[in-house]
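Residue numbers run from 1 in the order of the sequence given.
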Amino acid sequence: MKNFTLLGGLSPAQFLRDYWHKKPLLIRQAIPGFKPLLSADALFKMAARDDVESRLITHFKQEWKVENGPIATVPAISKKDWTLLVQGVNLHDDMADALLRQFSFIPDTRLDDLMVSYATDTGGVGPHFDSYDVFLLQAHGQRRWKIGAGQDLTLVQGSALKILKNFTPEQEFVLEPGDMLYLPPQYAHDGTAIGECMTYSIGFRAPAFQELGEAFLQFMADSIDLPGRYADADLAPTKHPAEIGRNMLSQISDALNKVRFTDDDVAIFVGEYLSDPKATVFFESPPRPLTLSRFTAAIAKRGVSLSRKTQMLYRGKHLFINGESFAAGREDKASLCVLADNRKLDGQAASVVSKDVLEALYTWYEDGWINLG
Ligand code: SIN
Ligand code: CO
């Protein structure tokens, strides 16, 4: 089996079996000769945009402060101990997107985003733990990571940041550009910049069941069908007009117990929910869209690709794109699954889709969900 430099010589299967969700892995030169994909200045510009999620974290005079973006101005580069965090850089930069896609041996439903941090000397976000797995790729300069398992997860009270009160590091590494540290969820860590540095976090998502449950009930609200209405033809006079009658409760209870959901409902909910773009995501339509007939000719030549911001998933006969679901016939499904998995479809495959799918592709193109070529 092909070995992955990215995983320090381990195959994805070995990595997932032995480390994923289990224990940390330090990979020296995961990406040999790695150079930052964007300059500090480009990152500062990105943090000033209102369609980009960013935070400025300062630790001046022993006090943690957090400012949520957009961050119009950053402290002086010569000032120590501050960090700028920019989420979702992959949504705005092709190379950042390509870096994230190197981790596509893990399903898209788990992959979250590429966060880029810039820190001046001694900068960091303090000892903490995250609820998700993360790969921390050193992009520029050096960072010292201290990590520890089985920690007391008590947090410092009243701090603007989630800081561990009693962090006892067990291991320490200095990461150079191209080195990468994998940490499982809940694993305590503290990264400190040695001089100016940039670190890329390849982050994952694992939705909480409570969050899913609440969203599922909302989803089901649109599809339940409970005919009939409460009736009491045999109503008797009451001495307690404020009391809710037993008969009323049992009739309502019987009706509510008829609410059912199938595996298909769950699949459609999960696909729509997990492909739904985050609130900060805005799609850009092409400035001068082609007509449908020109579009049809163009995709037959050049194929189509998903926009960096598009999430496309599938399960069984269901396909999902950016929070919408639809069912496709067998032939179309094969092409659309290729588009979802590879994030592109060549001209040959794009030219044989049905009229319905062609129209859907055209709408997605007009909405900026897919691009030509
Ligand atoms: C950072 O890059 O400064 C923080 C990343 C992390 O600790 O999760
Ligand atoms: Co962290």
Quiz item: Does D254 come within less than 4.0 Å of K258, counting only side-chain N to carboxylate O?
Solution: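 Answer for the salt bridge query: no.
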Quiz item: Can D264 and K317 be counted as an ion pair, charged N to O under 4.0 angstrom?
Solution: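 Salt bridge: yes.
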Quiz item: Is the NZ or CZ atom of K146 both under 6.0 Å from the centre of the six-membered ring of F167 and within 45° of that ring's axis?
Solution: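 Geometry flag: not set, cation outside 6.0 Å or 45°.
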Self-check item: Within 45° cone and under 6.0 Å: K23 NZ/CZ vs Y19 ring
Solution: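 K23 over Y19 ring: yes.
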Where the side chain of [X] meets the backbone of [Y], is there a donor-acceptor pair that is under 3.5 Å apart?
X: D332; Y: S354; value: yes
X: R294; Y: P289; value: no
X: S307; Y: K309; value: yes
X: T120; Y: E196; value: no
X: Q14; Y: L16; value: no
X: D232; Y: L235; value: no
X: D121; Y: G195; value: yes
X: N371; Y: Y365; value: no
X: T310; Y: W369; value: yes
X: D130; Y: Y132; value: no

Taking the side chain as C-beta and beyond, is there a heavy-atom pair between [X] and [Y] under 4.5 Å?
X: L136; Y: S201; value: yes
X: N166; Y: Q151; value: no
X: M46; Y: V116; value: no
X: F320; Y: V270; value: no
X: E67; Y: L84; value: no
X: E243; Y: T238; value: no
X: L26; Y: L175; value: yes
X: L153; Y: L164; value: yes

Practice problem: Given side-chain hydrogen bond (donor to acceptor under 3.5 Å, both in side chains), test Q311 with N322 step by step and report yes or no. | Solution: CA-CA 6 Å; Q311 178 84 297; N322 296 334; over 6 Å; no
Check the hydrophobic clustering (I, L, V, M, F, W, Y; side-chain heavy atoms under 4.5 Å; chains of links allowed) and say if [X] and [Y] are grouped together.
X: V357; Y: L290; value: yes
X: V353; Y: Y362; value: yes
X: V74; Y: V86; value: yes
X: V338; Y: I321; value: yes
X: M220; Y: Y273; value: yes

Ring-plane angle category for [X] and [Y], please: parallel below 30°, perpendicular beyond 60°, tilted otherwise.
X: Y200; Y: F34; value: perpendicular
X: W364; Y: F326; value: tilted
X: F15; Y: Y182; value: perpendicular
X: F216; Y: F219; value: parallel

Hey, is [atom1] on [X] packed in by over 12 heavy atoms from elsewhere, all under 6.0 Å?
X: K22; atom1: NZ; result: yes
X: L256; atom1: CG; result: yes
X: F261; atom1: CZ; result: no
X: R144; atom1: CZ; result: no
X: F209; atom1: CZ; result: no
X: E331; atom1: CD; result: no
X: E284; atom1: CD; result: no
X: K333; atom1: NZ; result: yes

Quiz item: Can you tell which of L25, L7, L6 makes a side chain to side chain contact (heavy atoms under 4.5 Å, CB included) with F135?
Solution: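 Only match with F135 under side chain to side chain contact (heavy atoms under 4.5 Å, CB included): L7.
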Practice problem: Quick one: do W20 and F105 satisfy ring-ring contact (aromatic ring centres under 6.0 Å, His included)? Show the steps, please. | Solution: CA-CA 12 Å; W20 179 248; F105 59 92; 8.0 Å; no
Exercise. Sort out for me which residue in K278, R205, Q87 forms a side chain to side chain donor-acceptor pair (under 3.5 Å) with D112.
Key: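 Among the candidates, only K278 passes.
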Exercise. In sequence, state the C-alpha distance, the side-chain angles, and the governing distance for F44 and Y118, and then conclude on ring-ring contact (aromatic ring centres under 6.0 Å, His included).
Key: CA-CA 9 Å; F44 301 163; Y118 168 89; 5.1 Å; yes
